[in-house]
Amino acid sequence: MYDKNNVFAKILRGEIPNKTVYSDDNVLAFYDVAPRAKVHVLVIPRGECTDSFDFTQNAPADAQVAFWCGVRKTVEKLGLRDNFRTVANTGRGAGQSVMHFHIHIMSDERFTEDF
């Protein structure tokens, strides 16, 4: 069940400030407050989805397409086209700390090597 008081829901409502990178009617991208890379941005849909399974099963197809377009636009805005990684943790056991679907976009010179 989606918790309307999770930190990302509060950010979407403007109750908690963020450092926005990209925003449109469907997504919000902002810098992570506890970065794990030189660039660490979170992209969240504006809808109420707990994780990747919830999002892909329950969000309308146009919202899913719009989300991935928002991820692409965020990467382009950051100038990371050829040097980034995306991560989506699903479930607390996998390290998801906020139960609102989100993608981490991370970049660091370490990523120039094969991994």
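With rounding to the nearest 0.5 angstrom, the CZ atom of R85 is 11.0 Å from the NE2 atom of H40. Considering SG of C49 and CZ of F55, their distance stands at 6.0 Å, rounded to 0.5 Å. Interatomic distance, CG of D108 versus CE of M106, reported as 10.0 Å (0.5 Å rounding). Rounding to the nearest 0.5 Å places CG of L78 at 14.0 Å from CZ of R81. The OG1 atom of T50 sits 8.5 Å away from the CG atom of N58 when rounded to the nearest 0.5 Å. Here the straight-line distance linking atom CG of N6 with atom CE of M99 works out to 9.5 Å at 0.5 Å rounding.
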I would like to know whether V41 and T74 meet side-chain contact (heavy atoms from CB on, under 4.5 Å); could you show each step before the answer?
CA-CA 9 Å; V41 171; T74 301; 4.0 Å; yes
Please step through side-chain contact (heavy atoms from CB on, under 4.5 Å) for the pair Q64 and T56, ending with a clear verdict.
CA-CA 7 Å; Q64 293 183 46; T56 58; 4.1 Å; yes
side-chain contact (heavy atoms from CB on, under 4.5 Å) for S23 and R46? Distances and angles first, verdict last.
CA-CA 10 Å; S23 179; R46 294 193 181 271; 2.6 Å; yes
Between E48 and K4, is a salt bridge (charged side-chain N to carboxylate O under 4.0 Å, His left out) present by the stated rule, with each step listed?
CA-CA 8 Å; E48 297 179 356; K4 293 181 184 225; 3.4 Å; yes
Stepwise, does the ring-ring contact (aromatic ring centres under 6.0 Å, His included) test hold for F8 with F30?
CA-CA 11 Å; F8 292 169; F30 54 94; 5.7 Å; yes
Please lay out, stage by stage, how R13 and N5 fare under the test side-chain contact (heavy atoms from CB on, under 4.5 Å).
CA-CA 10 Å; R13 290 193 301 265; N5 288 310; 3.6 Å; yes
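If you chain together hydrophobic residues whose side chains sit under 4.5 Å apart, W68 and V75 fall into the same group. Hydrophobic clustering places V71 together with V39 (ILVMFWY residues linked when any side-chain heavy atoms are closer than 4.5 Å, directly or through intermediates). Put simply, I103 and V98 are part of two different groups of oily side chains (I, L, V, M, F, W, Y) that touch within less than 4.5 Å, one to the next. V43 and F53 are not part of a single hydrophobic cluster, where members link through side-chain heavy atoms under 4.5 Å apart. Side-chain heavy atoms closer than 4.5 Å link hydrophobic residues (I, L, V, M, F, W, Y) into clusters, and following such links, possibly through other members, connects F84 to F67.
No side-chain donor-acceptor contact under 3.5 Å links E15 to the backbone of K10. The closest donor-acceptor contact from the side chain of H100 to the backbone of P45 lies under 3.5 Å.
Between G70 and V27, the closest heavy-atom pair is CA-CG2, 3.8 Å.
No side-chain heavy atom of T86 sits under 4.5 Å from any side-chain heavy atom of H104.
If you run side chain to side chain contact (heavy atoms under 4.5 Å, CB included) between H102 and each of I44, D51, N89, only I44 comes through.
Taking the ring axis of Y22 as reference, the NZ or CZ atom of K73 does not stay both within 45° of it and closer than 6.0 Å to the ring centre.
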